[in-house]
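What follows is a set of notes on a single structure, which appears directly below.
Naming convention: chains lettered A, B, ... in sequence-line order (proteins, then strands); numbering from 1 in each chain.
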2 protein chains.
Amino acid sequence: MSATASDIALAVSTVIFALRPDDQGGDESPAPGVWLPLVRRIREPHLGRWALPGGSVVVDESLEAAARRTLAETTQLEPTYLEQLYAFGDVDRSPDRRMVSIVYWALVRPDEAEKVSLGENVRWFAADDLPELAFDHNLIVDYALWRLRTKMEYSRIAHAFLGPMFTLAELRSVHEAVLQRPLDPANFRRQMESSGAIVPTDQVVTGGRHRPPRLYRYNSDIELVDVGPLTLRRSS
Amino acid sequence: MSATASDIALAVSTVIFALRPDDQGGDESPAPGVWLPLVRRIREPHLGRWALPGGSVVVDESLEAAARRTLAETTQLEPTYLEQLYAFGDVDRSPDRRMVSIVYWALVRPDEAEKVSLGENVRWFAADDLPELAFDHNLIVDYALWRLRTKMEYSRIAHAFLGPMFTLAELRSVHEAVLQRPLDPANFRRQMESSGAIVPTDQVVTGGRHRPPRLYRYNSDIELVDVGPLTLRRSS
DNA sequence: CCAAAAGTGTTGCCTCTACACCCATGC
DNA sequence: GCATGGGTGTAGAGGCAACACTTTTGG
């Protein structure tokens with residue numbers, strides 16, 4: 001009950017999602033799946049196990065800044081989307097000392113994902129085929145996946161996996177990869193168009209073996225209204 | 001970057017909602033509104049201002065347990081519903097030292113709400129007519145209100161404001177108070193019945209000036225599937 | 001009987017889904 | 001021409017809002 005500092009360690013961790021082909025050396029165009037990078041622990045507890053990237057919060061940075069910093073330090077990633085997930089603080093979640101983790105979840109584009117410096121201690125894993133992770137990180141990833149899938153259905157976060165311009169087929173394949181089921185191209189098109197979330201450009205993609213698809217851009221005016229009043233915090 | 005303890009104070013706070021008549025001494029049956037109890041700060045910073053109930057986390061209790069304990073200590077309330085809201089950790093949210101607050105939000109029944117020991121330092125406030133609160137607590141309440149209203153539309157949390165048995169009119173008045181708009185009794189009945197969330201009992205309420213309404217009970221089998229995989233944590 | 005709230009029926013609108021069909025390009 | 005994915009049209013099912021209507025009580 002000290003008024004100046006606590007005996008509880010405060011950390012941030014981040015679940016970063018990217019879309020990658022499920023079979024990297026196999027077929028020419030396999031359906032993409034959800035992957036995430038993990039880092040190997042180089043100290044006890046859980047030495048050698050894979051864990052979410054993260055670290056301690058420095059006293060003069062916000063929680064979100066801490067998430068971005070530790071993410072860059074461990075994986076060199078700069079996410080296009082970053083949102084708080086949950087604060088995990090059960091008493092026994094770390095074997096050696098009491099630890100409270102503020103967990104964020106993030107999305108990165110495939111080209112950004114390539115910048116991850118792979119090595120002995122950083123690797124990509126398919127989100128639905130993880131080993132036993134350190135601490136309660138399996139539970140955390142499950143929750144983050146649930147949030148990703150839930151939010152993909154009612155919100156417009158799919159563009160965070162893509163570049164500034166994209167075809168409707170690309171956007172649809174993002175949804176299909178996350179939701180793990182095929183979507184009707186015709187209905188998907190109408191839903192996206194009527195939502196006002198995307199804006200057609202006057203450019204098309206040539207070079208395919210078929211009719212050239214139109215390129216779209218995200219409509220930044222119609223911003224997602226699904227974070228509630230917390231978006232106001234950015235302006236203050 | 002110490003590995004044992006941080007210079008960051010860790011606290012929990014809770015936004016507790018209850019339904020109360022908006023005009024307490026006025027008309028015979030005014031439409032109820034959303035109220036919350038606040039405590040007056042008895043030390044700096046923000047001495048004298050109203051603030052959310054809360055306190056420090058003890059090293060051997062979970063975050064949720066800390067929320068329940070501090071809530072009981074300051075207001076004697078034991079909520080029927082308690083869920084984590086958000087972790088607030090901006091650098092400048094407390095003027096004297098760095099503080100990270102894990103905020104919960106809770107619902108209590110009106111009869112429970114009466115147990116609050118009112119006095120100089122604890123008072124109920126209408127949620128849409130608050131004074132300037134300590135720290136960033138106005139923002140926090142706004143966010144909690146948004147979550148309450150959003151969740152009321154897709155989830156079944158309204159019963160947390162009621163006792164074990166209730167009429168459809170009572171359940172509807174809870175929705176109307178939270179959503180601040182009238183609902184069609186006929187359509188509301190069908191939505192609730194078809195959702196399977198409520199079970200009719202064989203009891204009715206007599207004594208009114210009209211046809212006696214049937215009493216309903218909540219169906220605990222169909223539990224809310226809207227918290228995701230985190231509900232599994234309770235069993236572990 | 002009358003007032004008032006409980007409870008039921010019905011209609012029309014809107015959205016989503018499934019699927020048929022046309023369009024534009026490379027080969 | 002033909003294969004392929006881009007893009008449009010459309011009929012049926014289901015959900016929801018609005019509102020008319022019947023039922024059951026107290027006075």
> What orientation do A/Phe166 and A/Tyr218 show, parallel under 30°, tilted 30 to 60°, or perpendicular over 60°?
Replying inline: tilted
How long is the line joining [atom1] of [X] and [atom2] of [N], in whole Å?
X: A/Arg172; N: D/dG7; atom1: CZ; atom2: C1'; value: 11 Å
X: B/Arg209; N: C/dA6; atom1: CZ; atom2: C1'; value: 15 Å
X: A/Leu171; N: D/dG7; atom1: CG; atom2: P; value: 13 Å
X: B/His210; N: D/dT23; atom1: NE2; atom2: P; value: 19 Å
X: B/Leu215; N: C/dA6; atom1: CG; atom2: P; value: 12 Å
X: B/Leu179; N: D/dA17; atom1: CG; atom2: P; value: 12 Å
X: B/Ile198; N: C/dG7; atom1: CD1; atom2: P; value: 10 Å
X: B/Leu183; N: D/dC16; atom1: CG; atom2: P; value: 13 Å

>> From the set D/dG26, C/dA5, D/dA18, return the single nucleotide nearest to any side-chain atom of B/Asp184.
In response: D/dA18
>> Which residue is it: B/Phe125, B/Phe135, B/Trp124? I am looking for the one with a ring-ring contact (aromatic ring centres under 6.0 Å, His included) to B/Trp50.
In response: B/Phe125
> Of the options A/Leu130, A/Leu145, A/Thr14, which is the one that meets A/Leu36 in a side-chain contact (heavy atoms from CB on, under 4.5 Å)?
Replying inline: A/Leu130
>> So A/Gly207, base contact, sugar-phosphate only, or nothing? Heavy-atom distance under 4.0 Å.
In response: nothing
>> At less than 4.0 Å, is any side-chain N or O atom of A/Gln191 found next to OP1 or OP2 of C/dT17? Yes or no.
In response: yes
> Can you check whether A/Arg189 has a side-chain N or O nearer than 4.0 Å to OP1 or OP2 of D/dG7?
Replying inline: yes
>> Let me spell it out: for each of B/Pro212 and A/Asn187, pick the nucleotide of DNA chain C with the closest heavy atom. Which residue's pick is nearer the 5' end?
In response: B/Pro212
>> Between C/dG7 and B/Arg190, counting only base atoms on the nucleotide and side-chain atoms on the residue, is there a donor-acceptor pair under 3.5 Å?
In response: no
>> Assuming nearest nucleotide by heavy-atom distance, tell me which of A/Ala186 and A/Arg211 is located more 5' along DNA chain D.
In response: A/Arg211
> Just by distance, do the side chain of B/Thr75 and the backbone of B/Ala72 share a donor-acceptor pair under 3.5 Å?
Replying inline: no
> What do you reckon, is CD of A/Glu78 surrounded by more than 12 foreign heavy atoms closer than 6.0 Å?
Replying inline: no
